[in-house]
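A quick write-up on the structure given underneath.
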Amino acid sequence: QGALEKKQVTLGVGGKSLLYYLPLTVAERKGFFKDFGLEMTINDFAGGARSLQALVGGSVDMVTGAYEHTLRMQAKGQDIRSTIELLRFPTIVVAVRKAVADKVKSAADFKGLKIGVTAPGSSTYITVVHAMAKVGLKATDASFIGVGGGASAVAAMKRGEIDVISHLDPVIAKLETDGDVVTLIDTRTEAGTKALFGASNPAACLYLRQDFIEKNPNTTQAAVNGLYKALRWIDKASPAEVADAVPEQYHLGDKALYIKAVQASKDAYSKTGVMAQDGMKSVFDMLKALDKEMESVSADIIGKSFEPRFAQKAGTTVG
Amino acid sequence: MSRGKLLALQILVAVAVFLAWHVVTTWSIVADVKTMRFFFSTPVDVFKRVFTMFLEGSVYRHLWITLVETILAFVIGASLGIVIGFWFARKPIVAAVFDPYVKMMNALPRVVLAPIFALWFGLGIWSKVWLGVTLVFFIVFFNVYQGVREVPQVVLANARMLGMNERQLLRHVYWPAALAWVFSSLHTSVGFAVVGAVVGEYLGSAAGLGYLIHQAEGVFDVTGVFAGMVILMGFVMLIDGIVTLVEKPLLVWKPGETRTV
Amino acid sequence: MSRGKLLALQILVAVAVFLAWHVVTTWSIVADVKTMRFFFSTPVDVFKRVFTMFLEGSVYRHLWITLVETILAFVIGASLGIVIGFWFARKPIVAAVFDPYVKMMNALPRVVLAPIFALWFGLGIWSKVWLGVTLVFFIVFFNVYQGVREVPQVVLANARMLGMNERQLLRHVYWPAALAWVFSSLHTSVGFAVVGAVVGEYLGSAAGLGYLIHQAEGVFDVTGVFAGMVILMGFVMLIDGIVTLVEKPLLVWKPGETRTV
Amino acid sequence: MTGAPVHKRQGGDVTIAVHLKGVSVAYALAGGGKYEAVQPVDLSVRDGEFVALLGPTGCGKSTLLNIAAGLMPPSSGTCEIFGERLSGLCGKAGYLFQQDALMPWKTAEDNVAIGLEVGGVRRAEALERARAMLAEVGLAAFGERYPHQLSGGQKKRVALAQVLVREPKILLMDEPFGPLDAQTRLIMSELLLDLWQQDRKAVMFVTHDLDEAIALSDRVVVMSAGPSSRFIGEFAVDLPRPRDIAEVRSEPAFHRLHSEIWSCLRDEVRKTYGLTNKGAA
Amino acid sequence: MTGAPVHKRQGGDVTIAVHLKGVSVAYALAGGGKYEAVQPVDLSVRDGEFVALLGPTGCGKSTLLNIAAGLMPPSSGTCEIFGERLSGLCGKAGYLFQQDALMPWKTAEDNVAIGLEVGGVRRAEALERARAMLAEVGLAAFGERYPHQLSGGQKKRVALAQVLVREPKILLMDEPFGPLDAQTRLIMSELLLDLWQQDRKAVMFVTHDLDEAIALSDRVVVMSAGPSSRFIGEFAVDLPRPRDIAEVRSEPAFHRLHSEIWSCLRDEVRKTYGLTNKGAA
Ligand SMILES: Nc1ncnc2c1ncn2[C@@H]1O[C@H](COP(=O)(O)OP(=O)(O)OP(=O)(O)O)[C@@H](O)[C@H]1O
Ligand SMILES: Nc1ncnc2c1ncn2[C@@H]1O[C@H](COP(=O)(O)OP(=O)(O)OP(=O)(O)O)[C@@H](O)[C@H]1O
Ligand SMILES: [Mg+2]
Ligand SMILES: [Mg+2]
């Protein structure tokens, strides 16, 4: 491995404590970035969109965020590329409030319901709309309510202001343990993801600007290596070991519950760091179908959206 | 200065701003055009968007909701600020005891409070209204509190000698004396009422300008974000204009510059 | 009222609040205890947490960063507000031309501006500082602007007859006359400086109290959120205390209640 | 109907309206010091009596009126109003302040009417009476002006109307005719005496115009220069009532009193003018 | 050293300090109306001349001083100061306002010293001169008081010191001795005359005290009652200078003048007092 062009790097993430970004936390806590000579400052943002904006603006060097962002940026002519896949499945869960669970059995019943999503336009929103589209419903058939990321989402469901929620852990875990909801669609598992998207669906990844990659290939490689090491570690570790690795606050005050949640989504973490071609295509198709701005974009951008060489190299060099 | 000349100058400023905006998003002067557009869109696109939004008519519903929230936040916040401001100013003991708590509460980041507001008031307009109220209230409150204490002592003594009781003093002395302060705070807080409503919508809602902006932001539609903000600004000018209209006749008694004709 | 009695009353209020908080999070009166704790934690836990935070020492770094941001935001925002407020008040044409733009800018939701600030000022303290400045500035600005126009006409005329030029008028007349308004606005804006810094951190950062609160919120660690807010409040009291210390000697000339002995 | 006995208090048959008993006043200064304005003095004003208060500038005349009005507590002694110990504001008194004290946000007529309105008079009637009173003080055409649109003397007359229209039992007047020209002064004095005559009020009247003091009052009280001023002379004015204020000045009794009080005052002022300055050098 | 010629303007050898040429003033009223306070008048005050301005309350005396000070523009006509047309403030004049105009946030001595400081005098020296002037007006012990801690007459004297300490070429004085007792008035008048004598300034002096006007001035100008007031009389005061103000009142010339001006004034006030009221009814 060549000398690092840049030792001190800043990384952006939108909601570091989410299970979605577990590999990052593991790499940080276990010192995997340091192992490869990086001094990593992690900036936490209120949402993935903000971390991406910081990347474009140049205030962070790299971001762990949704793969979908790189596609959107490519479509806008911003050359942003993902370098390693962290999460194979979106881990988004669509659940329905207990009280209406007997009437709402699938996406086909969403007509006229109030659906809570993290934010209008976000991936939680797109996932539900996709599910509805599959059964012939349009987005306008239900009303979507942005409920935000954290406790306000829980509050909205507990107060009965929404009938369906499309969200991630820990909101889902909280609602599930409190027995407030019944799960309809679960993309934390391979089966659930395949059922909804027909393929894997790369979610979290590490992405950077192309010019940064070009100028700092070794630094990029080091960051990928660190995350790859974390992926390998997660693959081998037991859920309990994972729970011990993260800060205590992440446990939601209930370690057993956290272990259960890790168990539920452990399969979703990428095994190789390399995205499956059909998975990328499935994300692209979904965006194209649901977002007006993406309609005219050619499929060529898929090729530019992911650079497999770093993950592949990590696969051969990192044990 | 004549109204016409003033308007011309104001338009000049606006044109200058748009020109600058246009230039930096068209040529790579300060930064790469692509990056600039990613953050600032272009003025032409933004105004096209605003135009279509109004033409299509999709925006009216959102505008209406934000308007209602803003006005409610403004009215409730200002009323509370005025009432409690007066109360504190007239009851020094109450003021002394609660002073540190009021200041503490003013320092709570409203963004963090959003979930609690959602819990108490749901995701409808009321959680937004109360978010706005927490901003408006403090601005008005502090100014009223100060305004009441600024009443000239001798005018106050005279009013008391004329037999006014506490209620009458409020109405005939404290209130008019504090009015200039109240209106100064109202001009500041109009903006904050809008901010409260929009941020509330932004943090969780089903409609409103904040919702639109948030939606646009989620898909990196900067043009949409800026279009939302432009509408927002027009909006504030409107409400502020109403405040000024109310203010004028209430403050005619102000000495001001003596004018000969 | 004696200082002792006042303090006792203040503590009483605090105790009452904690008691209420304790009761609703211990017994299912208003709502299920589990739900209440999810949103409000319990006072005992919160104070335990604050205690450990200080004991462990992990909090100091964050506190220091937020302190620096807050103070910078406060000082810069207040200075700008004072300077531009005076400028506007003394140049009616400038004021008339820019008036609508100032009001528009005041209505921009700061949350939406955060990415632009990050673009301009990076993710270090400066983007937070400027976020705070945009809050502090407007509050101070509007009050200074009003304060200058409230100077009694005859005092002003007298000062001018004494031969004061514009600069001397500013120093000897406008400034002292507006001082009460300035301080009133400073008391409001201390809180907003903190809010600006914390919200900035909350929206994207690597350190600071806002970062801590954001971290805690992300994992539903309400105890952590409330602990952060409690620390924040202590914080504001401190800065506000400093403002009051500065204010006292500057406003000795205020008539106030005449006292006989 | 002649002057009141001096240096002797009345028996039970005459009510005493204002009774200052051993009243002294010391102001708190910033920095903990104090300034003794008035040393313990006694003063009683009978119901229906017109007392003029004279004294060099800064001697404590306004201070004593403030005490009688209940606007501030004396440092020692008590103030009794119609036999009742005063604590808080004196509701029976009307006070014409030395400074501008009109509400700047009310027009002249509103300023006058408000005193009636707060007493429960209907607005329409209050306004009517206010306008009538403004006409009496020569300001009928200025009812709709705000105070800042009036001249110094006009403001003072609005304040006068404000006090008189309420017909208080006790009148406290601090240089009511200060900024008025001699002619208007006479007219206002006549007005005041007229009203006083109709319904004998107790009046405490501060003025610097010795002629005016004698022409109007039953008794003239002279104060020494401050600090720690006290009463240095009381003079009963034994001129018949009703008086023609313009004419009364030509009576010999008037002249005698005038020169008596004048010399009492002059020595005091000259002396203290030197003293004050030396005290500070 | 005797009085100035009246009704005739001077030739080239005497400088005219203040020259109001056809000045009229109409105030804008709310609601678009206007109030003509003064109809076109001419007045010239020669350098070193002491002119007293007399007139019934509300006739426009303060208005004319404001015009001469350059605080507001006349509705018609012009004001010339030492031959130059005035636009904006008159830098050569010192103005003692009728109302309280002290800066409430400055102590008495700072209020007096500031006028020197802004003129470039070092603070230490300015303070020293301020203290000396305060001593002259009998307030040596009150230098560190804020205005709200002073009595009415004390505030007026601080304002007097504030104006006099700057030694302006033109003095505009609006009832400078209003709230002072007769004795202090005399002392202040003497002080004013002393200073004026040393370095002849042009003085425009508004007062309601006819004795004072005659005793101090070279010329007395009488205004008619408002609205649209004009000059109804000018009287040269041919009394020798230097004058002893207390003594001058016993001279026969004084008495003659006094009764002349008095009757001129009385008729005017009585007449207008009725008129104003009728105009509004
Ligand atoms: N708030 C105050 N603090 C300190 N001293 C004061 C205060 N108010 C008045 N004094 C002093 O008390 C003394 C009496 O004041 P007061 O106003 O009663 O005088 P006065 O007799 O009314 O004088 P004038 O005729 O000038 O109005 C004065 O020497 C004044 O300086
Ligand atoms: N700002 C104003 N707007 C309208 N009218 C005014 C204004 N200022 C003064 N006036 C009127 O102009 C007239 C002259 O006022 P001015 O103050 O000059 O009187 P004055 O001669 O000084 O009286 P005084 O002896 O009572 O002080 C008065 O009738 C007054 O009501
Ligand atoms: Mg007095
Ligand atoms: Mg006047």
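Chain naming here is simple, since letters A, B, ... match the order of the sequence lines and numbering starts at 1 in each. Atoms considered below: every heavy atom in the structure, side chains included; atoms not considered: hydrogens, waters and symmetry mates.
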Q: Under 4.5 Å, counting heavy-atom pairs only, tell me which of D:Gly115, D:Pro104, D:Ala159 racks up the most with chain B.
A: D:Pro104
Q: Considering non-hydrogen atoms only, spot the tightest contact between D:Gln162 and B:Leu162 and give its length.
A: NE2-CD1, 3.5 Å
(Q) Ignoring hydrogens, what is the shortest heavy-atom contact between D:Tyr146 and B:Val252? Give both atom names and the distance. (A) OH-CG2, 3.5 Å
Q. Shortest non-hydrogen contact from B:His172 to D:Met103?
A. O-SD, 3.8 Å
Q: Over all heavy atoms of both residues, which pair between D:Leu102 and B:Val155 is shortest? Give the atoms and the distance, please.
A: O-CG2, 3.7 Å
**Q.** Exercise: identify the closest heavy-atom pair between B:Val154 and D:Ala101
**A.** CG2-CB, 3.7 Å
Q. Between atom CZ of D:Phe97 and atom CD of B:Gln153, what is the distance when rounded to the nearest 0.5 Å?
A. 10.5 Å
Q.
As a quick check of understanding, evaluate side chain to side chain contact (heavy atoms under 4.5 Å, CB included) for D:Trp105 and B:Val173, giving each step before the final call.
A. CA-CA 9 Å; D:Trp105 43 84; B:Val173 180; 4.0 Å; yes
Q) Could you state the interatomic distance from CD (B:Gln168) to CD1 (D:Ile114), rounded to the nearest 0.5 Å? A) 7.0 Å
Q: Give, as side chain, backbone, both or neither, the part of D:Asp100 having an atom under 4.5 angstrom from any heavy atom of chain B.
A: backbone
Q) Does atom CD of D:Glu125 have more than 12 heavy-atom neighbours from other groups under 6.0 Å away? A) yes
Q. More than 12 foreign heavy atoms under 6.0 Å from CD of D:Glu144: is that the case here?
A. no
Q. Do other residues, nucleotides or ligands put more than 12 heavy atoms under 6.0 Å from B:Arg160 CZ?
A. no
